[in-house]
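Before any comments, here is the structure.
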Amino acid sequence: MAKDDVTKGQQPEALATFAASARNDGKKPDEIGLTATPETGPIPASSEEKAEAATKVLREGVLQRDQGADEAIDALPDRTRDS
């Protein structure tokens, strides 16, 4: 399945849009509309990996010691990639 097929009818991913706006003096670039493009479409990610990273972040906040959150977050797809 082509990337265009995956994004058909979907909205741009919010963090990709925010990152593009930040790189464009705080204004959403004109080329980012209401429908996702291959550059702004969702990035597949494992729900289990996202849950594990979130759990580690919360544990570090409560326990005040390293639980490996940074590494777990770094293993997830970068949603602020260039768009």
Side-chain angles (χ1 to χ4, degrees):
M1 181 181 302
K3 177 83 168 152
D4 290 333
D5 295 337
V6 174
T7 62
K8 188 174 183 174
Q10 294 191 2
Q11 294 180 348
E13 186 153 310
L15 285 178
T17 302
F18 294 148
S21 296
R23 290 188 291 272
N24 192 42
D25 294 325
K27 297 178 187 164
K28 183 174 135 185
D30 292 335
E31 61 271 10
I32 298 180
L34 298 177
T35 304
T37 65
E39 293 80 29
T40 62
I43 300 172
S46 162
S47 294
E48 292 81 18
E49 288 177 0
K50 291 190 292 185
E52 179 182 337
T55 299
K56 289 180 179 189
V57 168
L58 293 172
R59 283 184 178 192
E60 283 187 7
V62 171
L63 301 174
Q64 297 296 307
R65 61 179 189 261
D66 185 23
Q67 298 289 303
D70 290 336
E71 294 80 7
I73 292 167
D74 289 343
L76 296 172
D78 183 4
R79 300 199 179 281
T80 59
R81 82 259 192 213
D82 288 342
S83 58

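In what follows, residues are counted from 1 in the order of the sequence shown. On a predicted model such as this, the values are computed, not experimentally measured, just so you know.
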Heavy-atom closest pair, residues [X] and [Y]:
X	Y	result
Pro12	Gly33	CG-O, 3.3 Å
Asn24	Lys28	ND2-C, 4.0 Å
Pro42	Gln10	CG-OE1, 2.6 Å

Rounded at 0.5 Å granularity, tell me how far [atom1] in [X] sits from [atom2] in [Y].
X	Y	atom1	atom2	answer
Thr17	Leu34	OG1	CG	10.0 Å
Ile43	Asp78	CD1	CG	7.0 Å
Glu52	Leu76	CD	CG	9.0 Å

May I have the list of side-chain donor-acceptor pairs in residues 58-72 shorter than 3.5 Å, sequence neighbours left out?
residue	atom	partner	partner atom	Å
Glu60	OE2	Gln67	N	2.9
Glu60	OE2	Gly68	N	3.2
Glu60	OE2	Ala69	N	3.0
Gln64	NE2	Gly61	O	2.6
Asp66	OD1	Gly68	N	2.9

Between the main-chain N or O of Ala36 and the side-chain N or O of Thr40, is there a donor-acceptor pair closer than 3.5 Å? no
Within 6.0 angstrom of Asp30 CG, more than 12 heavy atoms from elsewhere: no
